Amino acid sequence: MRLLLPLILTILPLPAAACGLALVLAVDVSGSVDQREYRIQMDGLAEALRDGIVVDALIDQEAQVSLIQWSGSSRQEVSVPWTQLTRVADVYRLADAIEAAPRRWRNYSTAIGEALALAIAAFEDLEKTTACDRRVIDVSGDGVSNEGPSPQSMRQALRRAAINVNALAIEEEGEDLTAYFYENLIDGEGAFVITANGFQDYPAQIQRKLQRETTKQLSRLLPH
């Protein structure tokens, strides 16, 4: 039996590492976003990750975080792969990587459904090695989906995988993007939309958003 034990241990799968939060940051780089606005998004997102409340929440949950750039159909990319955050230095390295990430596309449409599909696939890859208590997609954008599958068509897959979708609506042209995101994009228990009044307001609002979605949900911790 002693001889068999090492062999059994090499055959059996290792238990998945645990984390409290898996978060995909999905950033709009479609044609409606110019280079200055792209820079505001990436710098603002990086600075929001360095916020003390966000840093503490991510470390406390040993969070896994990834960055997706999304644009038109077939133009979606994981720009920063899953990164586990267990120390302050980990969070700062992630913020630096996001700040330095080159823009992948410039002149294409807005395919939010495909961005969600790529995020779902990213969670599936993570689950092979790491079990996380919460799975969240943080979508920010300045326009409605106008190419590829609709965001609503992804809801069944999102619910099967227990993934929440929150959104940041960058209001630019008076089309009430906030209402569109409420009705067509966000999904899951406690899902929410935060509004930025133009790109200049994005840094402050993405900080608010990350504080809200990285903090543990007390309603899930308290006994019923």
Side-chain angles (χ1 to χ4, degrees), residues 23-55 58 65-73 75-80 91-92 94-116 118-119 136-148 150-151 164-187 191-215:
L23 175 64
V24 169
L25 303 168
V27 178
D28 183 358
V29 296
S30 60
S32 60
V33 178
D34 64 28
Q35 187 58 28
R36 179 187 65 87
E37 293 163 345
Y38 172 79
R39 193 71 268 149
I40 289 172
Q41 286 188 98
M42 305 309 283
D43 292 349
L45 182 54
E47 196 58 32
L49 285 166
R50 298 184 185 109
D51 172 74
I53 294 173
V54 175
V55 170
L58 291 171
V65 180
S66 176
L67 173 75
I68 285 176
Q69 292 186 45
W70 60 271
S71 180
S73 185
R75 293 176 175 87
Q76 325 283 332
E77 176 187 82
V78 176
S79 298
V80 178
V91 183
Y92 273 71
L94 172 66
D96 291 346
I98 289 173
E99 210 166 36
R103 183 171 186 167
R104 186 67 178 86
W105 295 282
R106 295 174 186 271
N107 300 310
Y108 295 95
S109 300
T110 304
I112 300 177
E114 288 197 18
L116 295 175
L118 179 59
V136 178
I137 305 173
D138 176 327
V139 180
S140 59
D142 74 337
V144 302
S145 190
N146 56 25
E147 191 172 71
S150 67
N164 269 37
V165 181
N166 302 321
L168 193 158
I170 306 169
E171 297 283 5
E172 282 281 279
E173 299 177 358
E175 61 183 335
D176 200 359
L177 187 61
T178 299
Y180 174 84
F181 280 176
Y182 265 115
E183 295 167 6
N184 299 280
L185 177 55
I186 66 169
D187 197 61
F192 64 91
V193 179
I194 283 182
T195 302
N197 295 313
F199 278 90
Q200 292 297 337
D201 192 33
Y202 174 90
Q205 301 310 322
I206 194 63
Q207 179 176 324
R208 285 183 57 218
K209 188 169 189 291
L210 284 177
Q211 287 176 349
R212 181 169 172 180
E213 65 196 350
T214 59
T215 305

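Because the structure is predicted, anything quoted here is derived from the model rather than measured.
In terms of heavy-atom proximity, Asp142 sits nearest to Leu177 at C-CD2, 3.4 Å. Between Ser145 and Pro151, the shortest heavy-atom contact is CB-CD, 3.9 Å. Taking each heavy atom of Asp28 and Gly143 in turn, the nearest pair found is OD2-N, 4.4 Å. Nearest approach of Glu114 to Gly148, heavy atoms of both residues: OE2-CA, 4.2 Å. Pairing each heavy atom of Val27 with each of Met42, the nearest pair is CG1-SD, 4.1 Å. For the pair Thr178 and Ala169, the tightest heavy-atom approach, listed with the atom from each and the gap, is OG1-CB, 3.6 Å.
Judged purely by atom type and a 3.5 angstrom limit, Gln211 has no side-chain atom pairing as donor or acceptor with the backbone of Ala48. The closest donor-acceptor contact from the side chain of Gln76 to the backbone of Ser71 lies under 3.5 Å.
Taking CZ of Arg36 as the start and CD1 of Ile40 as the end, the distance is 4.5 Å to the nearest 0.5 Å. Taking OG from Ser150 and CG from Leu116, the interatomic distance works out to 9.5 Å, rounded to the nearest 0.5 Å. Summarising the geometry, atom OG1 belonging to Thr195 is positioned 7.5 Å from atom CG belonging to Leu168; distances are rounded to the nearest 0.5 Å. Here the OG1-CG distance, from Thr214 to Leu49, works out to 9.0 Å after rounding to the nearest 0.5 Å. Atom CG in Leu94 sits 9.0 Å away from atom OG in Ser66 (nearest 0.5 Å). With values rounded to the nearest 0.5 angstrom, Ile186 atom CD1 is found 13.0 Å from Ile137 atom CD1.
With contacts defined as side-chain heavy-atom distances shorter than 4.5 Å, the pair Thr110/Val144 does not qualify. In this structure the side chain of Pro203 never reaches within 4.5 angstrom of the side chain of Glu47, judged on heavy atoms. Counting only heavy atoms from C-beta outward, the side chains of Arg103 and Val33 approach each other to under 4.5 Å. Contact of the Val91 side chain with the Val54 side chain is not registered, since no non-hydrogen atoms from C-beta on lie closer than 4.5 Å. Contact check for Ile170 versus Phe199: side-chain heavy atoms found under the 4.5 Å cut-off. Residues Ile206 and Asp138 form a side-chain contact, since some pair of their non-hydrogen atoms from C-beta on lies under 4.5 Å apart.
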### Task
Could you go through the side-chain contact (heavy atoms from CB on, under 4.5 Å) check for Leu210 and Leu45 one step at a time?
CA-CA 9 Å; Leu210 284 177; Leu45 182 54; 4.0 Å; yes
### Task
Would you sort out whether Arg212 and Asn166 count as a side-chain contact (heavy atoms from CB on, under 4.5 Å), showing the intermediate values?
CA-CA 10 Å; Arg212 181 169 172 180; Asn166 302 321; over 6 Å; no
### Message
Test side-chain contact (heavy atoms from CB on, under 4.5 Å) on Trp70 and Val29; report intermediate values, then the result.
### Response
CA-CA 6 Å; Trp70 60 271; Val29 296; 5.9 Å; no
### Query
Taking it one step at a time, do Glu37 and Tyr202 satisfy side-chain contact (heavy atoms from CB on, under 4.5 Å)?
CA-CA 9 Å; Glu37 293 163 345; Tyr202 174 90; over 6 Å; no
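Salt bridge Glu99/Arg50: present, at least one basic N to carboxylate O contact under 4.0 Å.
Glu147 and Ser73 share no donor-acceptor pair across their side chains, judged by distance under 3.5 Å alone. For the 3.5 Å distance criterion, the side chains of Arg208 and Gln205 qualify, holding a donor opposite an acceptor.
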